[in-house]
Amino acid sequence: MVVPHTHWDREWYLPFQRFRVGLVRVLDEVLDAMAADPAYRFTMDGQLAAIEDYLEIRPARRGDVARFVAEGRLAVGPWLILADEFLCSGETLLRNLEYGMRGAAALGGAMPVGYLPDQFGHCAQMPQMLALAGLRLACLWRGVPAHVDRDAFDWTGADGTTIRTRYLPGGYGNAFGLFTGPAEGMPGRVTAFVSTAEGWASGDTLLAMYGADHSAPAREITAAGLRVATLAEALTADRVEGEVPRVAGELRSHARACILPGVVSARVPLKQAMARAERLLTRYAEPLSALWLADRSAGERLIDMAWRSVIACSGHDSITGCGSDETAQQVAARIAEAGQTAQAVVDLVTASLSETAPKGALVVVNPSPFERTGLVLADLPEDRASLADASGRAVPVQRLEHAPTLLDETVMDDLSRLLGRVHERELYGQEIVSWNAGDGVFTVTVSRHASGPYAYEDLRRAVLDAGPGPWVVRTVAKPVVTVAALVTVPPLGRAVLTPRPPAPGRPAPVANAPVANTLRTDPYGFEPVLDNGLLRVRVAGDGTLSLRGADGVEVHGVGRIVHGGDIGDTYNHAPPPDDRLLDRPSRVVVEEICAGPLTGAYEITRVYDWPAGLEDDGDETVPTAVTTLVELRAGEPFARCEITMDVRCRDHRVRWHAPLPRAAAESYAEGQFAVVRRGLTAEGGGGNGGGERPIPTFPAESFAAAGGLAALLDHVTEYEIVRDEVSGDEISGDGTEMALTLVRSVGYLSRNRNPYRDEPAGPEVPTPAAQCRGPLTVRFAVLPYAGEWHEAGLPRLAEEFRHDLPGIPGTGPATAGDVNGDMDGDMDVNGDGPDGGGRLAISGDGVMMAALRERDGRLEVRLVAEHPTATEAVVRGDFTAAWTAGVPGSPLSPLEVSHDELFGDGADGRGPAESTGAAGSPGAPDSPSAPDSPGSPRSWRTVRVPLTPFEIATVHLGGA
């Protein structure tokens, strides 16, 4: 059965708009062919974006597209775009499906096949993602392991969901040659195709994928006497029954096709920007607007715009960085715009929240669905450099640094020039408090949060009355000190802190957390050590770290920087034959940055002499300073690391190495709704593979762990568990080190001669910007642990590391009882839920919240069980009904809701309610026991969601 199609790279070796010109030509030909021939069929690559891009240029053909889709002759969707499954979050993949299926439905319906033709491997939870969208059939090419010897297999996701999957031996263009050459040679070409495909056939029909990159199938295919179908028609007509091979988890085998693993470390700044944009969108903009914004009309539109940009950037030739420099620049700009759009929504929320607290106060928001205690930085007046919570309790603070008080001093003959610097009340980024003229000096005093009356006309009159100059004009800021405050914030809630004069005597004790001290074990104070009771960090003379956890696990030599060459390309790393691995610095300098009860930090600068490049540079070296800021905070069992360097070398790879506390035969990495167990090798050889050398570098999204050492990650990062036992040309034994790729610099999109790949992965286009030269900063955290990854609570630690607690300055008026800006402790500022929480709290072993938003008047929360055994999510909140839902938002099954908590006036927010009950079915009206009028006690309810390991559950909460 012949499936006419095209594979369309939205952007790749050409930028988007230049590729779109070709798209218009191809789809013009396809639609004309379909209009002329009712037997013609066409499958649009599994993605809707190409159709939308086309209709922007040819809006008059929307009717043709909708007609052919409705007739079942044109297959569109179900994806919006063909994303790289490892370089975006699982939530982005689900939104990709949601947008694609909704857009395809508007044109007549989405293709009911999870078509994944060209992605560079497939993530472990893709089967459940497709099933949640109602898709029980997948079709793919890359990553299939060697034991699959037929064109169909059962693919089981990390949670146990199994879907029937059609494998495409030879790729998505396995029948492209059928219609090339003279017509009289067609029988021979068909015979040749059949002889090749028959050995793979699981059913009665041979699937002939007639199409290639960026081209339209020939019009005469329907006259060749072969049956023509869309991909959905072909797969549903040939249902494979009986036993087929089984595959569990992710598909990252090199055995049958190249999976091009080097894209994970190509153009690292793109990966960093993507992670920031996704976090801003999914964990700040969406949930905070759903919980705290009264008017969400503007925010909803901005969020939609941001999602479309993020999804567009997740394309398998976009976020991967394996395109031209022009394409990478466009992707970077689009990601930046998505992040800025999400930040605009956060700005709307923070502006709303700031108005609820008096000017000078600090509103701290918790983006996590469980109580958090963490550090927040704040700039406070020198005379009020301590903080109190809404109950008047002192908050632990540590003074970090003073801001300069003299901002500017200028001599002016004409004092009226000063007025040109003033914008309403703003001067040098602060607000005018007062002014004074005398002895030839005109002094303006400013503050970051001014209070009291002010009128621009009064300032203008004072300037005019001062008379002719010269005048020395001084802008002086009120003394301000930056402090770190240890704040406890309820789940998805807020806490309001108020500056107060420092109390005499010792600082406030640190509650519920061990105190961090820069303990000096050397009696002479020469040994740099940080210790908070949970982790001890010592800086060695070579700049590496020694770590010892509270459980006794110890490791030394952490943070060795290793430089090696790379003669590969954006697709595949390849070291030169005579590669020299350089790891010894020529100079090491260690400087204490801060020390105190809440945070301590050292800056470690190591200078290396690295080769300038691999070609035509001789022995030229480039001195490169690599700076590591290592910080330990109260209550955190991990050391935060921020590594900064100015990348000036070419064609190289720089990795951060850490020994493992114990040898490891496997690693665990989190990403896309699963924690994946991986061995120390990658499968290669066998079958009709693409001649790609399998290397055991893998992607991890939020953490990678092995042998009692974990790295908590800021963005998708390439890691490897390194073995050091060499036998001949083979490396064997258990893993002894973890290596994280900090930067990989290459100069070509694809090299025709890459030692680690037999065939080109694309055109040999120079990509000088892929050398990633210039300043680079990489953030992560590291910790030793005993036991298994889940026993150490790595998912929750990664959540805390990746999601800061924002501090928002208050802008509201002073409250009743407020004296000099100090609250008296009775102001109700701590939110809407028990103990000042928001509208929701989530708990459960390994239960993580992937997203929270308002959808069709309900709260939608995405849960995932990052736990190796069955667990239960406990969702508490202000709702009356709950049910599970699929990707399109359609209800799946009701959940029982208990009515067990009261809070509000007259309730302590902790005791159980007197009665319990069950919620109605999805869409049921609000319960009669819904919250009463303001001022009366309100009820919180609980729903329990049983979860299998790594299961994704989308829960809708109604009646809130």
Could you pull out the closest heavy-atom pair between [X] and [Y], with the gap in Å?
| X | Y | value |
| --- | --- | --- |
| Ala385 | Val481 | CB-CG1, 3.4 Å |
| Val433 | Ser447 | CG2-CB, 3.5 Å |
| Thr282 | Ala850 | CB-O, 4.2 Å |

Working note: Thr644 + Thr627, criterion side chain to side chain donor-acceptor pair (under 3.5 Å); need CA distance, chi angles, decisive distance, verdict. CA-CA 5 Å; Thr644 302; Thr627 301; over 6 Å; no
State the [atom1]-[atom2] distance between [X] and [Y], to the nearest 0.5 angstrom.
| X | Y | atom1 | atom2 | value |
| --- | --- | --- | --- | --- |
| Arg548 | Leu534 | CZ | CG | 13.0 Å |
| Leu380 | Leu362 | CG | CG | 7.5 Å |
| Glu401 | Asp379 | CD | CG | 8.0 Å |
| His867 | Trp789 | NE2 | CH2 | 7.0 Å |
| Phe638 | Phe780 | CZ | CZ | 13.0 Å |
| Leu302 | Gln340 | CG | CD | 12.0 Å |

When you measure from the side chain of [X] to the backbone N and O of [Y], does any donor-acceptor pair fall under 3.5 Å?
| X | Y | value |
| --- | --- | --- |
| Arg283 | Pro367 | yes |
| Thr350 | Ile808 | no |
| Thr717 | His715 | yes |
| Thr498 | Ala361 | no |
| Asn366 | Phe370 | yes |
| Asp295 | Ser297 | yes |
| Arg384 | Pro501 | no |
| Ser352 | Leu293 | no |
| Gln398 | Leu598 | yes |
| Asn532 | Glu636 | yes |

Hey, are [X] and [Y] close enough for a salt bridge, meaning a charged N less than 4.0 Å from a carboxylate O?
| X | Y | value |
| --- | --- | --- |
| Asp714 | Arg279 | yes |
| Arg538 | Asp531 | no |
| Arg802 | Glu278 | no |
| Glu409 | Arg474 | yes |

Using the rule given for side chain to side chain donor-acceptor pair (under 3.5 Å), can you reason through Thr599 versus Glu631, listing the C-alpha separation, both sets of side-chain angles and the distance that settles it, and then say yes or no? CA-CA 7 Å; Thr599 179; Glu631 180 190 8; 2.7 Å; yes
Go through the steps for Arg372 and His803 under the test side-chain contact (heavy atoms from CB on, under 4.5 Å), then give the verdict. CA-CA 11 Å; Arg372 290 271 302 274; His803 300 98; 4.2 Å; yes
Only residue of Leu957, Val955, Val875 satisfying side chain to side chain contact (heavy atoms under 4.5 Å, CB included) with Leu859 is Leu957
Any chance CD of Glu424 has more than 12 other-residue heavy atoms, nucleotides or ligands included, within less than 6.0 Å?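 For Glu424, atom CD is not crowded (no more than 12 foreign heavy atoms under 6.0 Å).
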Flag if over 12 foreign heavy atoms under 6.0 Å of CD, Glu337: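 At most 12 heavy atoms, drawn from other residues, nucleotides or ligands, come within 6.0 Å of this atom.
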Under the side-chain contact (heavy atoms from CB on, under 4.5 Å) criterion, do Arg301 and Arg296 qualify, and how do the steps go? CA-CA 9 Å; Arg301 180 63 185 134; Arg296 287 183 285 274; over 6 Å; no
For Glu854 and Arg858, run salt bridge (Lys or Arg N to Asp or Glu O under 4.0 Å): C-alpha distance rounded to whole Å, both residues' side-chain angles, the deciding distance at 0.1 Å, then the answer. CA-CA 5 Å; Glu854 185 185 48; Arg858 305 179 298 271; over 6 Å; no
Please assess Asp878 against Arg941 for the test salt bridge (Lys or Arg N to Asp or Glu O under 4.0 Å), listing each intermediate value before the final yes or no. CA-CA 6 Å; Asp878 187 9; Arg941 293 165 171 80; 5.3 Å; no
Does the side chain of Arg494 come under 3.5 Å of the side chain of Thr356 through a donor N or O and an acceptor N or O?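 Yes, side-chain donor-acceptor contact under 3.5 Å.
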Audit row: Arg399, Glu382, salt bridge (Lys or Arg N to Asp or Glu O under 4.0 Å) steps and yes/no: CA-CA 10 Å; Arg399 298 163 70 98; Glu382 174 67 42; 2.8 Å; yes
Under the side chain to side chain donor-acceptor pair (under 3.5 Å) criterion, do Asp408 and Tyr428 qualify, and how do the steps go? CA-CA 9 Å; Asp408 183 70; Tyr428 289 104; 3.1 Å; yes
